[in-house]
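Notes follow once the structure below has been shown.
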Amino acid sequence: MSLELTASNISKSYSGTTVLKDCSFRFRSSGIYALMGPNGCGKSTFLRICALLEPPDSGDVTFFSEGKTVVKDISLMRRITLLLPNIGVFNTTVFKNVVYGLNIRNLQKSDVSTKAENALDFVGLLHKKHQKALTLSSGETKRLGYRTCTRLGTEIFFLDEPTASVDQKTGRSLMKLSRT
């Protein structure tokens, strides 16, 4: 099953400042979309609302699967991933950081370890699986977050400034990873 998303007349304000006003868009399944605009125009807010992490002040976000509306609950949220520009890592090992994302999606325990190791191997970090995640370089941290998020098995994957604060080589590598 693939998800489609319709955002209708989304508006959002913070402390009296409107950052989104009547934004609407339809994201069809299996598409790649780029949301562009100047800093501060509400792109990140729009993505957080679409990822169901923040409610709009007005308007609606509706998900569809096979033409039917999907209930906005935890099972839907497990089908969506939002990767923010400043990837957060926990003060634990690289491996446990990946495992956490898999565990909250209610995957079979027997699959979690294998999926985590496969994801780390894919981004070239398997040899660092026992290393503290907070000691990774910024490029390694981006690769960890970026690719392990894409390996979670989610159906909708939002990237917020995916190449921010990385060198050109890492940026190109991240863009390649998004297509695999």
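Worth knowing before you read on, the calculation uses all heavy atoms, side chains too, and leaves out hydrogens, waters and symmetry mates.
- Closest heavy-atom contact between P56 and G59: CG-O, 3.9 Å.
- Y33 and R26 make their closest contact through OH-O, 4.3 Å (heavy atoms, listed as atom of the first residue, atom of the second, distance).
- L53 has its side chain within reach of M77: a pair of non-hydrogen atoms, C-beta onward, lies under 4.5 Å apart.
- Going from atom OG1 of T6 over to atom CZ of R28 covers 8.0 Å, rounded to the nearest 0.5 Å.
- Side-chain contact between K21 and S13 is absent, with no heavy atoms from C-beta onward closer than 4.5 Å.
- To the nearest 0.5 Å, atom SG of residue C23 and atom NZ of residue K12 are 13.0 Å apart.
- Interatomic distance, CG of N9 versus OG of S24, reported as 4.0 Å (0.5 Å rounding).
- The shortest distance between side-chain heavy atoms of K129 and T93 does not fall below 4.5 Å.
- In summary, the side chains of S75 and R78 do not present any donor paired with an acceptor at a separation below 3.5 Å, with no hydrogens or angles considered.
- Considering all non-hydrogen atoms of both residues, V99 and A116 come closest at CG2-CB, 3.9 Å.
- No continuous path of hydrophobic side-chain contacts links F64 to V71 [ILVMFWY only; heavy atoms under 4.5 Å].
- Counting only heavy atoms from C-beta outward, the side chains of L5 and V61 approach each other to under 4.5 Å.
- Panel note: side chain D121, backbone G124; no donor-acceptor pair is recorded below 3.5 Å.
- Annotation: the span from F63 atom CZ to I156 atom CD1 amounts to 4.5 Å, rounded to 0.5 Å.
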Decide side-chain contact (heavy atoms from CB on, under 4.5 Å) for K132 and N91; before the verdict, give the C-alpha distance in whole Å, the side-chain angles of both, and the deciding distance to 0.1 Å. CA-CA 7 Å; K132 288 279 190 183; N91 187 19; 4.0 Å; yes

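- Between the side chains of S44 and D160, at least one donor N or O sits under 3.5 Å from an acceptor N or O.
- Distance check, rounded to the nearest 0.5 Å: CG of D111 to CG of N118 gives 10.5 Å.
- Proximity of L134 to V89: side-chain heavy atoms (C-beta onward) are separated by under 4.5 Å at one or more points.
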Stepwise side-chain contact (heavy atoms from CB on, under 4.5 Å) test for L144 and V123: CA-CA 7 Å; L144 171 68; V123 295; 5.6 Å; no

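- Between R48 and Y14, the shortest heavy-atom distance links the atoms NH2-OH, 3.3 Å.
- Checked against the 6.0 Å centroid threshold, F25 and F46 do not count as a close aromatic pair.
- Atom CG of D57 is separated from atom CD1 of I10 by 10.0 Å, given to the nearest 0.5 angstrom.
- S11 approaches D22 most closely through the heavy-atom pair OG-N, 3.0 Å.
- Counting heavy atoms from C-beta on, the side chains of L136 and K128 come closer than 4.5 Å.
- At a threshold of 4.5 Å between non-hydrogen side-chain atoms, the residues I80 and E155 do not count as touching.
- One N or O on the side chain of N97 and one on the backbone of F90 form a donor-acceptor pair closer than 3.5 Å.
- The shortest side-chain heavy-atom distance between N103 and K109 falls under the 4.5 Å cut-off.
- K43 contributes a side-chain N or O that, together with a main-chain N or O of G37, makes up a donor-acceptor pair within less than 3.5 Å.
- Using modelled atom types, one side-chain atom of E140 and one backbone atom of S137 make a donor-acceptor pair closer than 3.5 Å.
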Between L76 and L3, is the side-chain contact (heavy atoms from CB on, under 4.5 Å) condition met? List the steps. CA-CA 10 Å; L76 173 61; L3 288 174; 3.9 Å; yes

